[in-house]
Amino acid sequence: MDTNEAAKALTTELEGLLRKKMEPLFNRYGLNLEDLLTPLKWKPLVLIIGNYSSGKSTFINEVLEKQIQRTGQAPTDDSFTILTAPEENEAEDEVPGNSIVSDDRLPFGMLRKFGESFLAHFRLKRVNAPILKELAIIDTPGMLDSVTEKDRGYEYLGVVGEMAKLADLIVLMFDPHKAGTIKETYQVIRSTLPGSAGEDRVLYVLNRIDECDNISDLVRAYGTLCWNLSQMTGRKDMPRIYLTYAPDTGRPIPPGFEVWAREREELKSSLRSAPRMRLNHILQEVDSVVRELSIEVQSLASFKERFLAKFFNSAKAWGIGAVLAFFFGDLVTHLLFGYPENTFVGSLLSGSIGADSLLWPVVWTLMALVAASVYMQRWMFPKFIRNTIEHLDDLVPLETAYQKDLWARTRQRVQRIISEQARHIIWVAHKRNLNKIEHFLNKDLGRFYKEVAKK
Ligand SMILES: Nc1nc2c(ncn2[C@@H]2O[C@H](COP(=O)(O)OP(=O)(O)OP(=O)(O)O)[C@@H](O)[C@H]2O)c(=O)[nH]1
Ligand SMILES: [Mg+2]
C-alpha cells in the first residue's frame, strides 16, 4: 500500500472510531462531530498565499504542467480558485462560488458566511493534471498593501483564516521586491495563521530570486525577509525558507544561482507530501477538539461537584429543621394559639401516644420539606448558577497557556450550557465521561500518532 492509500485507510479508521466513541459525547455536550469530519471527506488541500505578483499562479501552472491560472505583473488575480481533478466520467469544467458552498461533497460550506461578494470571487476548476488526483490546490488573490476590507468587498483575512484551517499544507510566498513588508501579509502572519494553522504546516518561500542582480543582493533580500518574519511570528528560530525561481521566464539566471534550481524541485516534492501531512493535521485537529471537550466536561463536573456540596450542606440544615418541626412544630402553635390542645411532645412524655398524635408532626415535617424544596429551587439554585457564571474561570485550573487557550475556545459554550441546561447537567455522569475522553486521547489517539510516525 502506498503512503496515500495508507493515509486514506487510517483516516477511515479514525472516522469510525470517532463515530463510535466520541459522537454520543459530542452530542451530549453541544459539539458537532460533523464539523470535525467534514474536512476528512475530501482530498488533501494545499493553500498558496502570498504577496501579489510573487509568482503563485506561475508556480501552480508549473506544478500542473499546464497554463491554467492567469499570470502577470501587477495584481492579476482577484479570485480564490480551487484546482482539482475531475472525477471519473466527469469533464473538465468550472464551478461558481455559490455552487461550491452548496455542494455537500465539498468541505467549503462554512465559507458561505462571507457573503455574495466573496462568492463572486470564488470558483473551482476541474483540470486534468496527475497531481490533482491526489490533492487540491487553492490559488488566492495576492496580498496587497494599501487595501481595506471595503476595497475587497469581503473579509479577505477571514477567508484566508478559514481556508488555512482546512489546508494540510500552506505555501506562503514572498518575492525580493517586497520581502515581508506587505500589510496584509503582516496581518496574516501575525494574527490569522497562528489561530488557524500549526507552524509545521506552513512552507515559507522566497520566490523570483533570479531577479536579484547577484548573490549579495539575494543575501540582503533573504536577510530582510528573515528579520521581518521573526518580527511577525515572534519566533526565535527561523523556519526554513525555500529560495526559488521559475525555470522558464526567459530571463537569464544570474551567475551562481543555478544551485537554487534544486530548491524549486524540493518545494514541489514537499507539496506532494500533503497527503501525509494531512494525517498529522487531522490528528492535531481531533486532538485539539477532543481536548476542548475534555476541559468542557471538567468544568461541568466541577460545577456539579460544587452544586452537590452546596446542596448537601443546605440539606443538612433543612434536615435538622425538619426534625425540629416534627417534634416541636405543634408545640409552637400550642404556645402561641393554644392549638392543638395535646402536643406531640406532651403525648410522648405522658406515654399516651396514638396515631392521631402524629398528624401535626407529619404536617409540620411536610411543610418544612416543601419550604426546603422551594428555597433550593427558587433561590439557592438560581443564585448558585449566577455566581458560577460570574466566576466561570474558577471552574477549571488554568495553569498553562495551553489550558488557557483551550478554555478561551470553550468558555462561551460552557456558559451557555450552565445557563440553559443546569438542571439537566447535574444528573449527568461527567466523571465517567471524562474517563472515556481520557482513554480516547491516551490510548486510541496515541495509537494513531504512533502509526503516523511510522509512515
Ligand atoms: N523573473 C521571474 N519572474 C517570475 C517568477 N515567477 C513569476 N514570475 C512573473 O511574475 C509575474 C507575476 O506572477 P504571477 O504568477 O501572476 O503572480 P501571482 O502571485 O499569482 O500574482 P497575483 O495573482 O496577482 O497575486 C508574472 O509576470 C510572472 O511571469 C520567477 O520566479 N522569476
Ligand atoms: Mg495569481
Side-chain angles (χ1 to χ4, degrees), residues 46-83 94 118 120-125 127 129 136-147 151-154 156-157 159-160 163-164 167 170-189 192 202-215 217-218 221-222 225 241-268 271:
V46 177
L47 176 69
I48 317 263
I49 51 180
N51 301 342
Y52 70 91
S53 296
S54 55
K56 300 179 292 300
S57 306
T58 307
F59 176 64
I60 291 173
N61 288 343
E62 193 182 316
V63 171
L64 303 185
E65 298 172 357
K66 274 185 175 178
Q67 293 303 310
I68 300 294
Q69 290 299 86
R70 212 152 53 86
T71 59
Q73 296 293 359
T76 301
D77 200 351
D78 65 352
S79 288
F80 287 83
T81 310
I82 304 165
L83 295 146
E94 198 169 315
F118 161 67
H121 292 93
F122 187 33
R123 61 170 88 112
L124 178 144
K125 287 185 189 169
V127 178
I137 300 178
I138 309 183
D139 193 6
T140 59
M143 295 173 191
L144 302 172
D145 219 358
S146 51
V147 75
D151 299 326
R152 294 254 191 210
Y154 60 87
Y156 172 81
L157 295 175
V159 176
V160 170
M163 288 186 169
I170 298 164
V171 175
L172 182 48
M173 210 172 251
F174 301 89
D175 62 86
H177 312 291
K178 19 187 177 12
T181 53
I182 299 280
K183 185 174 147 213
E184 279 186 328
T185 316
Y186 177 85
Q187 289 165 323
V188 162
I189 297 179
T192 313
V202 185
L203 302 181
Y204 297 88
V205 179
L206 179 59
N207 192 36
R208 295 179 70 158
I209 59 165
D210 58 312
E211 286 175 324
C212 296
D213 291 333
N214 46 46
I215 291 188
D217 202 16
L218 170 64
Y222 177 76
L225 178 59
I241 300 175
Y242 291 82
L243 301 178
T244 65
Y245 58 88
D248 36 38
T249 50
R251 217 185 134 87
I253 308 299
F257 276 47
E258 301 78 14
V259 287
W260 282 292
R262 201 172 24 108
E263 300 220 352
R264 187 81 163 180
E265 292 313 311
E266 285 177 28
L267 176 62
K268 286 193 221 160
L271 224 61

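These numbers come from a predicted model, not from an experiment. Throughout, numbering of the chain's residues begins at 1 and tracks the sequence. Whatever order the structure lists ligands and atoms in, that order sets their numbers, starting from 1.
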Based purely on interatomic distance, does [X] place a nitrogen or oxygen under 3.5 Å from a nitrogen or oxygen of ligand 1?
| X | value |
| --- | --- |
| Arg264 | no |
| Ser53 | yes |
| Tyr52 | no |
| Thr140 | no |

Notebook entry, point to check: Are the ring centres of His121 and Phe80 closer than 6.0 Å?
Noted result: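 No: the rings miss the under 6.0 Å criterion.
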Under 4.0 Å, heavy atoms only, figure out whether ligand 1 is touched by the backbone of [X], its side chain, both or neither.
| X | result |
| --- | --- |
| Ile209 | neither |
| Thr71 | both |
| Lys56 | both |

Item checked: From the candidates Pro141, Gly72, Pro176, the one that places a heavy atom nearest atom 26 (C) of ligand 1 -> Gly72
Notebook entry, point to check: Relative to the ring of Tyr156, is the ring of Tyr154 parallel (under 30°), tilted (30 to 60°) or perpendicular (over 60°)?
Noted result: tilted
Item checked: Polar side chain donor-acceptor pair, Lys56 to Gln69, under 3.5 angstrom ->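 No - no donor-acceptor pair under 3.5 Å links their side chains.
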Note to self: Looking only at side-chain N and O atoms, does Ser57 offer a donor or acceptor that is under 3.5 Å from a partner on Asp139?
What the structure shows: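 Yes, a side-chain donor-acceptor pair sits under 3.5 Å.
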In terms of atom number and element, which parts of ligand 1 are under 4.0 angstrom from non-hydrogen atoms of [X]?
| X | answer |
| --- | --- |
| Ala246 | 5 (C), 6 (N), 30 (C), 31 (O) |
| Tyr245 | 31 (O) |
| Arg251 | 1 (N) |
| Gly142 | 25 (O) |

Minimum-distance pair of heavy atoms, taken over all atoms of [X] and [Y]:
| X | Y | answer |
| --- | --- | --- |
| Glu258 | Ile253 | N-CG2, 4.4 Å |
| Pro247 | Arg264 | CD-NE, 4.1 Å |
| Thr140 | Ile48 | OG1-O, 2.6 Å |

Check: Is any N, O or S atom of Tyr52 under 2.8 Å away from the Mg ion (ligand 2)?
Finding: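 Here the distance criterion (N, O or S atom, under 2.8 Å) is not met by Tyr52, so no.
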Check: Step by step, would you call Ile82 with Ile137 a side-chain contact (heavy atoms from CB on, under 4.5 Å)?
Finding: CA-CA 6 Å; Ile82 304 165; Ile137 300 178; over 6 Å; no
Next item on the list: Look at Arg262 together with Glu265 and state whether they make a salt bridge at an N to O cut-off of under 4.0 Å.
Entry: no
